[in-house]
Structure formats: structure tokens, C-alpha cells
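Everything on this sheet refers to the single structure shown next.
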Amino acid sequence: MSDESPANGPSSDDPTGDDPAGSGLEAEKLRRLQQVDDLRAAGQNPYPYRFDRTHTLGDIRAEWGELEPGTETEHAVSVAGRIMLKRDSGKLIFATIRDRTDEVQLFISKAVVGDDEFAAVKALDLGDWVGVDGTVMTTRKGELSVKPERVELLSKAVRPLPDKWHGLSDVDTRFRQRYADLIVNADARRNFEIRHETVASFRRTLATHGFIEVETPVLHPEVGGAHARPFTTHHNALDMPLYLRIAVELYLKRLIVGGMERVYEIARTFRNEGVSTRHNPEFTMMELYQAFGDWNDVMDITEELITTAARDALGTTELEIGGQQIELADPWPRKRMVDYASEGTGVDLHPSMPIDDIRKVAADHDVFVESYWGPGKIIEELFEKTAEADIVRPTFVTGHPVEISPLARVDRNDPHLTERFELFVDGRELANGYSELNDPVEQRARFEDEQAAKEAGNDEAGTVDEDYLRALEYGMPPTGGLGIGIDRVAMLLAGVDSIKEVILFPTLRPEVF
RNA sequence: GCUUCUCUAGCUCAAUUGGCAGAGCAGUGGACUCUUAAUCCAUUGGUUCUGGGUUCAAGUCCCAGGGGAAGCACCA
């Protein structure tokens with residue numbers, strides 16, 4: 001376990017220059033570092049401070065992408081990028097450089113740049129950043145190129161890139177060295193563009209509906225707003241425990257009490273639970289609250305947010321989900337959780353039924369039941385066991401039992417259920433929302449039920465939040481609320497199966513160097 | 001936390017029944033003024049994750065440990 005051996009192998013920061021018999025990597029780094037020294041000795045800076053760029057590579061392609069093969073232009077441009085490929089052909093060097101927008105070829109002619117500069121270009125490595133002043137042209141075969149008059153090294157890479165064709169495939173390395181992953185894997189870059197477009201689209205959609213973005217505390221003195229184990233920390237000066245937030249619900253609803261009417265927060269949220277393809281200990285949730293609305297308004301806006309994000313990020317609202325072609329713009333089905341559970345088990349289930357009867361159904365379906373669970377919690381477990389995984393197309397599962405929904409308002413037509421929904425797509429929960437409970441007396445009773453459950457052994461149950469109750473006592477208007485898992489929406493739109501593919505730096509055990 | 005799988009050169013991957021640890025790319029040297037993963041010739045580079053064990057012989061089999069992945073469980 002503990003490795004306190006003093007002999008810790010050859011260290012990379014050992015600058016004892018002349019060791020040609022090092023490993024391949026060490027020898028390569030030494031060679032490149034030597035080049036850095038040589039450049040400095042020749043009065044050049046291998047790490048200059050800035051470069052003036054006139055065009056991105058995308059600009060170049062947009063403006064001159066249609067040039068005929070074999071065209072030389074007088075258009076002088078300055079571009080910059082990382083050298084991704086290099087083809088040395090005697091007195092010509094072809095190099096492919098890439099910036100954030102595109103890749104473009106450099107057509108470097110010894111006759112144009114001169115012998116010294118040509119030799120300097122020849123010495124450049126894959127991975128180096130360069131800035132180029134030159135003219136736009138196309139080769140005889142029609143490849144859009146910049147013909148440099150000058151090539152300036154902007155930053156020397158002293159570590160070699162991963163394989164130029166295969167990229168990085170080892171997932172451990174991809175996630176630990178995300179920088180390298182992004183350099184060589186176009187799919188990785190695409191996933192994070194989709195994530196960005198999703199969040200940007202959400203913000204635009206919410207702005208059109210008059211929502212304002214707010215920021216509430218990450219450090220909470222009390223755990224609330226969801227059922228989850230928190231990360232616990234300690235404030236030294238105040239000498240008090242604090243919890244990283246597991247949800248932002250209770251703070252945002254305080255703002256509704258304050259009259260802000262329509263608020264949202266894109267909130268990094270922390271839950272001290274397992275890591276899986278669908279879970280990271282820190283993840284991003286977008287929560288919104290809308291005064292004077294109820295769960296139906298919130299389901300509508302959920303559809304709009306995700307459908308619009310698909311259009312903005314992918315240019316289409318038709319997605320392949322679980323092997324099926326799904327048109328997101330079609331209305332999303334809404335179906336009660338008790339109906340799913342009843343169909344799944346073949347027994348008519350309802351939270352009003354006797355606890356012993358429902359425990360028997362659970363036993364018949366190999367669903368483990370804790371002693372303190374009531375009928376509502378067991379119905380949820382039965383739903384998850386018998387139905388959840390089969391939901392492919394976006395579907396609102398509605399009417400969660402009161403027992404498992406301490407912050408949701410009771411269904412106006414059924415006192416055992418709430419006006420609550422969860423959005424499921426491809427067997428995964430993406431969102432959760434409801435008509436918000438705004439009666440302070442009932443909310444206190446629900447909190448006290450939670451407190452009792454906690455004392456009965458449910459360590460994820462909440463406690464009584466006195467300040468939140470005080471806020472409700474001032475009066476909260478009728479309100480609809482929503483929480484959407486941003487990471488999971490990004491997974492859906494990117495078409496990936498692991499949450500790590502849409503989190504730049506997913507939580508991993510620390511690497512041993 | 002449990003089960004299974006996995007770890008070989010900087011990267012991507014081979015290695016038959018346990019029998020000399022290999023290739024492509026990258027790198028180095030050379031040729032080439034229209035290449036496109038350029039091509040051609042030559043070539044450097046290894047604590048096979050770590051530590052034990054079995055064996056004449058271990059990348060390969062066994063034990064322990066470490067990293068990762070998938071599934072389970074928990075959750076969103």
C-alpha cells in the first residue's frame with residue numbers, strides 16, 4: 001500500500017543532460033529541450049509572448065475554401081495553430097496545423113522562406129505551436145493551404161503527441177490527461193462542444209421566458225433539497241461544519257418567496273456516493289423555479305429546453321436513442337409511476353394499500369425492503385425494478401407518492417400522490433420537477449416525517465429546515481420547479497454511454513507519479 | 001463495498017502449449033519542389049503496473065498489492 005522506497009526510478013526533472021541511453025520518452029524530451037536551449041543560444045525565444053492573428057483557420061476555409069486547384073493568391077494572412085502532421089518532401093514541407101476552428105495545410109517552400117528558416121521549420125516537431133505569415137493558395141490537387149513567408153515558433157512542445165492516427169484509446173490516460181485527449185481525439189472535442197452548446201441553449205431558452213440566473217451558496221449549513229449523502233467540511237474561523245450542496249432547491253425557492261418570480265441556477269452539485277457510467281461525485285444540475293406555474297408548465301419547458309438544445313447543438317431534433325429513431329419534437333408521453341409499477345408487477349398498486357400487501361409484492365419481485373419504508377417508497381422501488389430500464393423515448397413518469405416527495409405538492413386529485421414528474425430517456429433519469437409545496441404548515445409536517453425517517457435509520461432522509469419554513473411563512477406563490485441533469489442531457493445529445501465523456505476532468509483516484 | 005475483465009516501447013497494438021519481447025506510428029540519419037496517416041532506405045528506444053512464488057525456463061501459470069473499465073448496489 002504505502003510505497004516509501006527512496007529509489008523512485010528515473011525522474012523526469014533530472015536535468016543531467018547527456019544520457020542517450022534513457023528511455024524513449026526521456027531521450028525524446030532531452031532532444032527537444034536541447035532544441036530549446038539551442039534556440040535561446042541563437043537569440044530566439046522558443047516561448048514568445050504573443051502573436052497577431054488575422055484569421056482563424058475556419059475563417060481561411062470559409063473565405064477561400066472554394067478556390068480552384070492550383071491557385072496562388074496575393075491574400076496575406078496570419079494564422080496560428082499546433083502542428084499535427086508534417087510531410088517533408090525535400091525542398092518542400094507540408095505541415096497540417098490546427099486551431100480551435102479547423103485544420104489547414106502549410107505549404108512551406110525552401111525557395112520562399114530561405115535556407116535558414118527552412119532548416120528551422122524542418123526542426124519543428126509534431127505538437128509545436130506556430131504562427132505563420134503567408135499567402136492563401138491551393139495545391140495542384142486542390143488542397144487549401146497557406147504558403148508562409150515566415151514561420152514563428154510560438155511554443156515548443158517538449159513531450160511527444162500520442163499516435164497521430166489512432167490518437168489515445170486508453171480510457172485511463174484519456175481521462176487523466178484530458179489535455180492530450182482533446183489534442184488528438186476529435187470525438188472528445190465534439191462532446192464538449194455539444195455540452196457547451198447545450199448549456200448556452202438552455203440559457204437562451206430561459207432568457208426568452210424571462211428567467212434570471214442566480215448564484216446561491218455551495219457551502220450549506222444544513223443538508224436539504226434531495227435524498228443523498230453529502231460531502232462534509234469544516235469552516236475554521238466559524239468553527240462549524242458545512243456541507244457541499246446536494247441540491248439548490250431550497251435556496252431558489254427562498255428567492256421565489258422574495259418575489260424574484262423566475263430564477264434558475266446552473267449548479268455544480270456534490271453527492272458523496274458511488275461512481276458509475278451515470279454518476280460523478282460532482283455533477284451539474286440546472287434548477288429553475290417559476291412563480292404562478294405548476295408541474296404542467298414545468299413539463300412543457302422541459303420539453304422545450306431539451307428539444308431546442310438538440311436543435312442548437314446538433315442541428316436536428318431527431319436522435320437515435322437505444323437503437324430507435326426518436327423525434328424529440330413529438331409530444332413526450334406522460335404516465336403515472338403507479339401505473340408503470342402496476343403493469344410491471346401485474347398487481348394494482350397504490351400508496352393507499354396496506355403495507356403488508358405491498359411488501360408481499362416486493363418480495364415476489366425480489367425487491368429488498370428496509371423496515372422503515374412505507375408503501376410509496378416500495379412502489380418506487382418496484383417501478384425502478386420492473387419498468388425504468390425499458391423507457392427509451394423521453395417520457396414523463398408522474399405522480400410520485402407523497403412519502404418520497406417531501407417538497408412536492410399533493411396531487412389535486414389524489415391525496416396519496418404528488419404533482420411530481422421525472423423525465424426518463426433510455427432508462428436514465430434526466431430531470432425531476434413538481435408543483436412546489438408552499439403551505440408552511442404542511443411543509444413542517446413533511447419535514448418532521450423526514451426527521452422521523454432519519455431517526456428510524458434512513459440516513460439519507462432530510463431534517464427540519466427552520467429558516468426555509470420561516471421563508472414559506474412569508475408566503476410563496478404557487479410555483480413550478482425543475483431540476484435537469486446537465487451531464488445527462490449532454491450524454492444524450494452526444495450519444496455517449498459514460499458520464500466521464502462529458503465531464504472534462506472526472507473524479508478519479510490520484511495518479512501515482 | 002462486491003463480481004468479472006484489463007495493464008507489453010512516448011502512442012496504437014502483436015507475441016502459438018510456459019521456450020531468444022515484435023510491428024506500425026512518433027524519434028534519429030539519409031533521398032525527394034505538390035504531399036494528404038506522404039513515400040523509400042537505414043536505425044535508436046523495454047524494470048512486459050509493483051512485489052512475491054512455481055519452473056531448467058514466466059509477458060504468459062499461482063498469490064498479494066496498485067490503476068482502470070464493465071456490471072451489481074446506492075443515487076441524479
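Labels below follow one simple rule: chain letters A, B, ... track the order of the sequence lines, proteins then strands, and each chain is numbered from 1.
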*Report yes if at least one side-chain N or O of A:Lys500 is closer than 4.0 Å to OP1 or OP2 of B:rG68; otherwise report no.*
no

*Within the structure, does a side-chain N or O atom of A:Arg176 lie under 4.0 Å from either OP1 or OP2 of B:rG68?*
yes

*Does a donor on one side chain and an acceptor on the other come within less than 3.5 Å for A:Thr216 and A:Glu265?*
yes

*Among B:rC72, B:rG68, B:rG10, find the nucleotide with the atom closest to the side chain of A:Asp172.*
B:rG68

*A:Arg31 side-chain N/O to B:rU28 phosphate OP1/OP2 under 4.0 Å*: yes

*Report yes if a side-chain nitrogen or oxygen of A:Thr277 is closer than 4.0 Å to either non-bridging phosphate oxygen (OP1 or OP2) of B:rG71; otherwise report no.*
yes

*Is there a donor on the side chain of A:Asp163 or the base of B:rG24 sitting less than 3.5 Å from an acceptor on the other?*
yes

_Whole angstrom value for the distance that separates P of B:rC74 from CD of A:Glu380_ = 11 Å

*Indicate whether OP1 or OP2 belonging to B:rG68 is found under 4.0 Å from a side-chain N or O atom of A:Thr173.*
no

_Any donor-acceptor N/O pair, A:Thr139 side chain to A:Gly142 backbone, under 3.5 Å_ = yes

*Using only side-chain N and O atoms of A:Lys164, determine if any of them is under 4.0 Å from OP1 or OP2 of B:rG27.*
no

*How long is the span from the CG atom in A:Asp37 to the CZ atom in A:Arg32, to the nearest 0.5 Å?*
15.0 Å

*Is any side-chain nitrogen or oxygen of A:Arg509 closer than 4.0 Å to OP1 or OP2 of B:rG67?*
yes

